[in-house]
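I have placed the structure first, in the form of structure tokens, so that the comments after it can refer back to it.
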Amino acid sequence: MEIRRRNLLKAAATAGALLVAGLLRPVAALAAWSKEAFGAKNLADAMKSLGATGAAPSAEIAIEAPQIAENGSVVPIEITSKLAGTTAIAVLIEKNPFPLAGKFNFSEGALPYAKLNVKMGETSEIRVIAWAGGKAYSAHQEVKVTIGGCGG
Amino acid sequence: MAAGPMKMRAVQGAGFTDVRVLMSHPMETGQRKGPDGKLVPLHFIQNLTVKVNGKVVIEGETSQAVSRNPVFSFRLKGGAKGDKIEVSWLDNQGETNSTETAVA
Amino acid sequence: MKRTLTILASATLAACAAAPVGERPTVTAADIDHVTRVMKQDFHARGQATMNRLELDEVQRTCNLYNDQPPQDVAKRLEEAQLKEIKIPSGSLIGNWQNGEKIAQNGRGTMWSDKPGVQPGGSCYNCHRIQPKKEAYGTIGPSLAGYGKTRGSSPEMQRYTYGRIFNSKAYNLCSPMPRLGHAGSLNEQQIKDLVGLLLDPASPVNQ
Amino acid sequence: MHRFKLLGALLALSAAPTLALAQKSPYADYQRMAAENAPTELFELAGEELWKKKQGPKNASLERCDLGQGPGVLKGAYAALPRYFADAGRVMDLETRLLYCMETLQGRSREEATKRAFGNANQGSEFELLSAYIARFSNGMKITPSLSQPKERESYELGRALFYHRVGPWDFSCATCHGVEGKRIRMSELPKLDDPKYAGPLMATWPAYRVSTSKIVTLQWRMNDCFRQMRTPEPAFGSETTVALIHFMTATAGGETYRGPAIKR
């Protein structure tokens with residue numbers, strides 16, 4: 001394994017630390033980031049920005065997540081779409097301040113599958129949207145979040 | 001860990017190649033207070049790119065809701081021993097990192 | 001320690017490796033002193049956690065000696081002595097249950113990491129179910145849900161509840177519960193507020 | 001470690017009901033999935049760098065450190081600790097031994113090396129990262145802490161006595177929380193650590209990536225933090241007290257298969 005560290009942009013980032021995040025956008029904009037969808041504060045707005053309003057429920061989308069999570073700061077989820085020709089999958093956590101957690105576009109050569117850890121502020125539905133043949137489909141699963149600890 | 005090292009493994013499975021990639025990154029939400037009582041600025045990975053032999057196969061966009069020290073697994077169709085896999089990320093502060101490995 | 005060690009050395013290896021499940025070691029006064037000696041040599045004061053915290057009082061010493069099951073006469077004598085130390089204020093002991101709930105939830109205070117001078121909480125939810133609707137509760141102590149509903153709030157019950165929080169060891173010498181008043185962790189008003197949480201008919205504990 | 005083979009087998013049998021028990025926990029699925037997807041390897045990688053890094057007045061790495069299996073031998077080392085080390089004249093757990101090697105091989109002072117014994121999410125401590133790296137080499141092996149030397153039995157007995165010793169302003173002992181079956185503090189299940197049925201699965205998964213603090217936590221840290229919550233003064237890193245407690249609990253877990261570094265809540 002080889003690790004390469006590229007800090008070319010770090011100097012710019014440091015210099016810009018006092019500036020609002022928006023000014024750094026041009027750098028990030030080199031790669032697309034759906035600012036509007038990620039900035040949406042509720043599920044409906046996020047779905048709208050993603051062009052997924054009215055997504056049809058589908059049993060072909062599998063969500064594997066624990067029913068109860070001991071700690072909301074790390075909730076493992078595994079998502080798979082069995083819809084033929086799936087081009088993208090998005091994960092939304094309905095009760096989070098910003099529901100959209102991630103969106104993955106798959107090209108020829110990748111399977112429509114992703115496994116990741118997400119943060120959940122409270123018990124919430126996890127909604128997964130998959131796009132196939134230009135249409136959006138959706139599935140959801142609830143994850144209960146326990147925030148325990150002794151306070152010590 | 002602060003933003004820094006990455007680690008990746010790509011292993012052939014049944015008809016696909018399993019790629020697991022780990023990244024050191026604080027994934028700050030901008031809502032957490034640091035030891036000084038001040039809010040720690042928003043700092044999270046926004047873009048993730050997976051390439052196989054130089055060709056982009058997955059483009060991911062992520063938010064601050066991805067957990068600290070992100071771990072992602074992806075699956076590639078087929079895949080042969082020795083295929084070169086490259087994963088890179090770019091965060092909202094312009095930091096970036098990448099790693100590559102060959103399918104084992 | 002020496003005595004136990006001699007027994008061990010002559011025992012089989014298996015017995016050395018892991019004591020029979022649930023069986024506590026036989027403890028002598030010398031063993032307790034040995035443990036205290038080792039701790040004094042290994043520990044250092046930090047923040048408000050000073051070294052005198054390693055000294056044992058008679059209750060701790062007795063409970064350690066008898067593995068929390070002292071003979072009845074020994075327990076009774078010490079319980080009575082502990083009971084005498086409880087200072088129960090006059091008048092109603094039912095304080096503000098809303099404040100009581102905050103104190104019951106608060107698990108901070110008196111640790112080396114806590115700021116000195118900040119009034120500690122009672123850590124009650126760590127071990128007890130209290131408000132039936134609050135789910136994050138511990139189970140080391142008995143459930144206190146509906147505590148006042150079944151017991152009423154007579155002056156006698158108020159005094160008992162106050163005393164039990166002030167010094168649980170006065171009622172059950174080797175109870176796992178801290179002596180919150182006796183240790184100086186909770187003050188009079190805080191204990192009254194906790195009594196309120198448990199006994200006030202308006203408290204969610206009794207709904 | 002052949003002398004404990006029989007014992008290990010016996011204890012393994014007694015630990016068998018543990019699996020069914022673990023499945024009863026409402027968090028079993030969560031814990032399994034989180035463990036599969038934990039970033040533990042990142043910390044192991046950082047630990048490997050520290051193991052090989054030349055530092056201290058002697059500008060030496062730790063690669064010749066003898067963890068009990070010979071200089072530099074990592075395979076199975078963690079699973080066979082704590083044990084007595086003749087060169088140091090005392091029983092040591094992994095972290096205490098690492099400190100010894102930092103002092104002897106690297107020429108560092110105890111004070112300097114333990115200045116930051118426990119790290120944070122931004123930067124783990126040397127002991128935490130090294131522990132994660134070294135423990136990995138014992139994954140799949142049976143836990144067999146040594147008890148054949150008189151000093152080892154003494155340490156075990158001291159740990160056992162400490163476990164039940166009530167002390168401090170709140171009268172707590174380890175057993176107050178970890179001596180009864182089926183109890184919780186808030187929502188956290190409390191393993192009964194003088195019982196192989198609970199000590200086995202627990203000790204088999206330290207050190208671990210702690211989800212709530214995003215860092216590797218070690219047994220020395222666990223001892224330190226339990227005493228903090230018991231409201232006592234602070235035990236010194238690698239002290240006789242902390243090593244003895246670790247020895248007692250590891251011996252109680254003897255025979256269990258080590259499966260760390262794992263994850264914790």
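Chain identifiers are assigned alphabetically (A, B, ...) following the order of the sequence lines, protein sequences preceding nucleic acid strands; residue numbering begins at 1 within each chain. Worth knowing before you read on, the calculation uses all heavy atoms, side chains too, and leaves out hydrogens, waters and symmetry mates.
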Go through the atoms of [X] and report whether side chain, backbone, both or neither lie under 4.5 Å from a heavy atom of chain B.
{"X": "A:Tyr113", "result": "both"}
{"X": "A:Phe106", "result": "both"}
{"X": "A:Ser34", "result": "both"}

Atom of [X], atom of [Y] and distance for their closest heavy-atom approach:
{"X": "A:Ala114", "Y": "B:Phe74", "result": "CB-CE2, 4.0 Å"}
{"X": "A:Asn96", "Y": "B:Ala65", "result": "ND2-CB, 3.9 Å"}
{"X": "A:Lys119", "Y": "B:Arg68", "result": "CE-N, 4.0 Å"}

- Query: Does any N or O in the side chain of B:Thr62 come within less than 3.5 Å of the main-chain N or O of A:Gly102, such that one atom is a donor and the other an acceptor?
  - Reply: no

- Okay, side chain of B:Asn47, backbone of A:Ala32: is any donor-acceptor separation there less than 3.5 Å? yes

- What is the distance from atom CD1 of B:Ile58 to atom CG of A:Asn105, rounded to the nearest 0.5 Å? 10.0 Å

- Item | Distance in Å, B:Lys51 NZ paired with A:Ser107 OG, rounded so as to fall on 0.5 Å steps | 12.0 Å

- Task: Can you tell which part of B:Val66 gets under 4.5 Å to a heavy atom of chain A, answering side chain, backbone, both or neither?
- Result: both

- Counting only heavy atoms closer than 4.5 Å, note whether B:Val50 contacts chain A via side chain, backbone, both or neither. neither

Atom [atom1] of [X] with >12 non-hydrogen neighbours under 6.0 angstrom:
{"X": "A:Lys82", "atom1": "NZ", "result": "no"}
{"X": "A:Glu36", "atom1": "CD", "result": "no"}
{"X": "A:Gln67", "atom1": "CD", "result": "no"}
{"X": "A:Lys41", "atom1": "NZ", "result": "no"}

- Please report the C-alpha distance between B:Arg20 and A:Lys115 in whole Å, then the side-chain angles of each, then the deciding distance to 0.1 Å, and finally whether the side chain to side chain contact (heavy atoms under 4.5 Å, CB included) criterion is met. CA-CA 9 Å; B:Arg20 184 169 187 261; A:Lys115 187 156 131 184; over 6 Å; no

- Would B:Ser63 and A:Leu100 satisfy side chain to side chain contact (heavy atoms under 4.5 Å, CB included), going step by step from the backbone distance to the final call? CA-CA 7 Å; B:Ser63 83; A:Leu100 182 58; 5.9 Å; no

- Parallel, tilted or perpendicular: which describes the rings of A:Trp33 and B:Phe44, with under 30° parallel and over 60° perpendicular? tilted

- Query: Any idea which of B:Glu59, B:Gln64, B:Gln31, B:Arg9 has the most non-hydrogen atom pairs under 4.5 angstrom with chain A?
  - Reply: B:Glu59

